[in-house]
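In what follows, a single structure is set out as structure tokens and then discussed.
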Amino acid sequence: MQLYRPLGFRATLGYLEAEAGRFQREESALLRALELVEASRAARQVAVRDYAARRLEAKKRGRRVPGAGEIDPNVQARFYWYGAPREAALFALWFWRERRPSELMPAELVECVEECLRATAGQRDALVGRIREVESRLQSWELLQVVRHVEVALGLWTDSGLIETGAVAIS
């Protein structure tokens, strides 16, 4: 957990407990949590290897800089749970909302998180434009990470990267 914590350290632990059970007290829950982490990490490692192979081939062809839609999974791993991205992102948003005093956060971001947590499939499309607008005004890496969780929860990210362009990098 010190090295692989895609939702943040505490949120990752919380997600594992929600999915696997009380792993600090139950051996079977600990084994389930370990399986979840190992599966997500293994899927991420495949994405990293695939990315490295694509970049190597692109560099051989003279393309030294990644294309606009090409996302480095080493950066993506800071906010993306491979194997259950939407569920984990929704948990991370819930966790963020419960742990952060909303009066210290930008009101528009708090509203987007609230809407995302209760949105139906039809309402998600309307939220995409709004989160892009909020994102353009954010400077904090932590707040941009919350935006990424909203995007993953809305289905804008896949294991291979961003579906819709326009995101600000959070490297």
Side-chain angles (χ1 to χ4, degrees), residues 1-16 18-19 36-37 40-41 43-48 50-52 54-55 64-121 123-171:
M1 293 309 308
Q2 289 296 324
L3 299 176
Y4 185 68
R5 50 184 187 271
L7 307 177
F9 183 75
R10 293 184 193 280
T12 298
L13 288 178
Y15 178 70
L16 288 172
E19 292 297 309
L36 288 169
V37 169
S40 179
R41 187 171 175 270
R44 178 186 169 263
Q45 287 173 327
V46 167
V48 167
D50 290 349
Y51 175 78
R54 285 192 314 272
R55 289 300 308 136
R64 306 300 293 170
V65 178
E70 198 169 13
I71 302 298
D72 183 347
N74 293 300
V75 174
Q76 185 175 342
R78 295 182 184 161
F79 58 87
Y80 189 87
W81 185 279
Y82 287 81
R86 184 168 189 279
E87 297 82 1
L90 287 169
F91 180 86
L93 291 172
W94 171 84
F95 190 86
W96 178 80
R97 183 191 65 190
E98 294 298 311
R99 303 279 191 279
R100 301 285 191 267
S102 60
E103 61 273 2
L104 299 178
M105 299 297 146
E108 292 174 302
L109 182 58
V110 172
E111 289 170 13
C112 285
V113 168
E114 292 294 333
E115 285 181 40
C116 185
L117 288 171
R118 65 176 181 267
T120 63
Q123 296 169 319
R124 289 189 193 115
D125 291 340
L127 190 51
V128 170
R130 217 163 142 225
I131 195 66
R132 291 282 184 254
E133 187 179 308
V134 169
E135 174 186 33
S136 69
R137 292 189 294 274
L138 295 176
Q139 301 293 318
S140 162
W141 181 83
E142 180 185 10
L143 296 179
L144 287 172
Q145 199 168 19
V146 173
V147 169
R148 294 297 165 264
H149 289 309
V150 171
E151 291 173 344
V152 172
L154 294 175
L156 301 180
W157 286 86
T158 68
D159 287 352
S160 57
L162 185 63
I163 293 172
E164 182 180 311
T165 60
V168 176
I170 59 167
S171 54

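Numbers here simply count residues along the sequence, with the first being 1.
Residues passing the side-chain hydrogen bond (donor to acceptor under 3.5 Å, both in side chains) test with Thr12, sequence neighbours excluded: none. Partners of Arg137 by side chain to side chain contact (heavy atoms under 4.5 Å, CB included), not counting sequence neighbours, listed by chain and number: Glu108, Glu133, Val134. Pro73 is linked by a side chain to side chain contact (heavy atoms under 4.5 Å, CB included) to Ala47, Val48, Tyr51, Tyr82, counting only residues two or more places apart in sequence or in another chain. Looking at residues two or more places apart in sequence or on another chain, you find no side-chain hydrogen bond (donor to acceptor under 3.5 Å, both in side chains) involving Asp50.
Relative ring orientation between Phe79 and Trp157 is described as perpendicular, the plane-to-plane angle rising above 60° on a 0-90° scale split at 30° and 60°.
Considering CD of Glu151 and SG of Cys112, their distance stands at 10.5 Å, rounded to 0.5 Å. Remark: Glu135 CD to Leu143 CG distance equals 11.5 Å, nearest 0.5 Å.
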Would you give me the side-chain donor-acceptor pairs under 3.5 Å for residues 87-100, sequence neighbours excluded?
{"unit_1": "Arg97", "atom_1": "NH1", "unit_2": "Glu114", "atom_2": "OE1", "d": "3.3"}
{"unit_1": "Arg100", "atom_1": "NE", "unit_2": "Glu142", "atom_2": "OE2", "d": "2.8"}
{"unit_1": "Arg100", "atom_1": "NH2", "unit_2": "Glu142", "atom_2": "OE2", "d": "2.7"}

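Side-chain atoms of Arg55 come within 3.5 Å of backbone N or O of Arg64 as a donor-acceptor pair.
Between Leu138 and Pro106, the shortest heavy-atom contact is CD2-CG, 3.9 Å. Between Arg44 and Tyr4, the shortest heavy-atom distance links the atoms CD-CE1, 3.5 Å.
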